[in-house]
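Okay, structure first, notes after.
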Amino acid sequence: MIFNQETIWIIGASSGIGAALAEKLARSGATLILSARRAERLEQLRQSLPGDHHAVPMDISRIEDIHQATQTVLEITGKLDRVIVMAGTYAPSSIDKMTDDNLNMITSVNFVGPVRVAQCVMPIFRQQGHGQLALCASVAGYIGLPYAQPYSASKAALINFAESLYAEAPPTTDIKLICPGFVKTPMTDKNRFKMPMIIEPEQAAEAITKGLNSQHFEIHFPKKFTLLLKMLQSLPYRIKLSLSRKYRPKGT
């Protein structure tokens, strides 16, 4: 895998897939910029990785943080080869019980924040003449899931945004869309339903690192599960909505 001597900014690196991806890329010879809200956890991760890396705390839901972090990253490294946005948040709840704070956080972290990151880094890639932006959505964006309406909607919006961005990006800028299935992380630990074909963060990181250097726009995994969902997505509403209801937690 060709990551040696590259500078890669991972946003959402403090836990889960982001942390596993940081370890994988660090061992591949990349210089990493690690960002997330939790500064202490970022520093612990930085110190655990082989090589010389940097922690730049940032809250992706705050536009001023994104602008400041982008400036700091350029001051540290002078270039950006890849930016991988892994940040995401999830609050399982029926829509009538969801608070305004939860709704605002989900939309800010899962959609608006990544859009703002793109606004900051796309001009840098154009000026450099190269760059890659990878945005992590979810297979939840393929179809609306019960008790995850804002989450599914925010990921669907990010999928649409990545497709649009790919269409307008210059040939020198590579846009990637990452759509994981169920991965065992603190976020999925909140789920109250059975998660089929769930995988470990290290397996997700392996799939992502392979996909980053592929010719494909979308990186989706595990394939047996994601291909089934893609088939479900193409079915008539009366069939796919009936099937999606089966994911409702018991007793609801």
Side-chain angles (χ1 to χ4, degrees), residues 1 10-25 84-93 106-107 109-111 113-114 133-163 166 175-235 237 239-250:
M1 296 179 188
I10 304 177
I11 300 171
S14 61
S15 65
I17 304 174
L21 183 60
E23 182 172 351
K24 183 78 175 174
L25 292 174
I84 308 172
V85 184
M86 299 301 302
T89 190
Y90 173 52
S93 174
I106 288 171
T107 54
V109 172
N110 293 348
F111 176 63
L133 175 62
L135 301 171
C136 186
S138 168
V139 295
Y142 292 171
I143 182 173
L145 298 176
Y147 294 91
Q149 293 96 349
Y151 178 78
S152 290
S154 66
K155 293 301 187 179
L158 189 59
I159 290 172
N160 189 282
F161 173 74
E163 292 169 349
Y166 179 90
I175 306 297
K176 287 281 191 281
L177 171 66
I178 305 170
C179 287
F182 292 113
V183 181
K184 186 171 178 51
T185 66
M187 190 166 69
T188 56
D189 286 344
K190 302 174 185 178
N191 288 337
R192 295 180 291 155
F193 55 85
K194 185 177 180 180
M195 294 173 281
M197 303 186 199
I198 188 167
I199 63 174
E200 295 295 326
E202 292 74 18
Q203 294 173 281
E206 177 71 20
I208 292 171
T209 52
K210 288 180 179 178
L212 290 174
N213 283 330
S214 75
Q215 298 299 312
H216 300 295
F217 165 66
E218 184 185 9
I219 306 167
H220 59 96
F221 54 87
K223 287 292 198 301
K224 288 183 179 179
F225 182 56
T226 56
L227 290 174
L228 282 173
L229 286 179
K230 285 179 179 292
M231 290 176 60
L232 176 62
Q233 187 184 32
S234 66
L235 293 175
Y237 272 122
I239 299 176
K240 67 181 177 183
L241 292 181
S242 175
L243 291 172
S244 69
R245 286 176 66 89
K246 296 182 182 299
Y247 284 96
R248 294 171 64 181
K250 292 181 179 180

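What you see is a predicted model, and the numbers here were worked out from it, not measured in a lab.
Distance OG1/Thr226 to CD1/Ile219: 12.0 Å, rounded to 0.5 Å. The distance from the CD atom of Gln233 to the CG atom of Leu235 is 10.0 Å, given to the nearest 0.5 Å. Here the CG atom belonging to Leu229 is positioned 10.5 Å from the CE atom belonging to Met231, to the nearest 0.5 angstrom. For the atom pair Ile17 CD1 and Glu200 CD, the distance stands at 11.0 Å (nearest 0.5 Å).
Judged by distance alone, with hydrogens and angles left aside, the side-chain atoms of Thr209 form a donor-acceptor pair with the main-chain N or O of Glu206 at under 3.5 Å. Distance alone, capped at 3.5 Å, places no donor-acceptor pair between the Glu23 side chain and the Ala20 backbone. For the pair Lys155 (side chain) and Cys136 (backbone), a donor-acceptor distance under 3.5 Å is present. A donor-acceptor pair under 3.5 Å is formed between the side chain of Lys176 and the backbone N or O of Ser214.
Residues meeting the side-chain contact (heavy atoms from CB on, under 4.5 Å) test with Ser234, sequence neighbours left out: none. In this structure, Lys223 has no salt bridge (charged side-chain N to carboxylate O under 4.0 Å, His left out) partners at least two apart in sequence or on a different chain.
When every heavy atom of Gly88 is checked against every heavy atom of Asn110, the shortest pair comes out as CA-OD1, 3.2 Å. Tyr151 approaches Thr89 most closely through the heavy-atom pair CD1-O, 3.3 Å. Here the shortest heavy-atom pairing between His220 and Tyr142 reads CB-OH, 3.9 Å. For the pair Ala134 and Ile178, the tightest heavy-atom approach, listed with the atom from each and the gap, is CB-CD1, 4.0 Å. Summarising the geometry of Gly12 relative to Met86, their closest heavy-atom pair is O-CB, 3.9 Å, with the distance given to 0.1 Å. In this structure, Leu177 and Ala162 approach most closely via the heavy-atom pair CD1-CB, 4.1 Å.
With Ile84 as the partner, the side chain to side chain contact (heavy atoms under 4.5 Å, CB included) test is satisfied by one option alone out of Leu212, Leu133, Ile11: Leu212.
Open room surrounds OH on Tyr166; 12 or fewer heavy atoms of other groups in view lie less than 6.0 Å from it.
In this structure, the side chains of Glu218 and Glu163 stay at 4.5 Å or more apart for every pair of heavy atoms. Counting only heavy atoms from C-beta outward, the side chains of Ile199 and Phe225 never approach each other to under 4.5 Å. Using a 4.5 Å cut-off on side-chain heavy atoms (C-beta onward), Pro114 and Leu135 make contact. In this structure, Ser152 and Ile143 have side chains that are not in contact, with every pair of non-hydrogen atoms separated by 4.5 Å or more.
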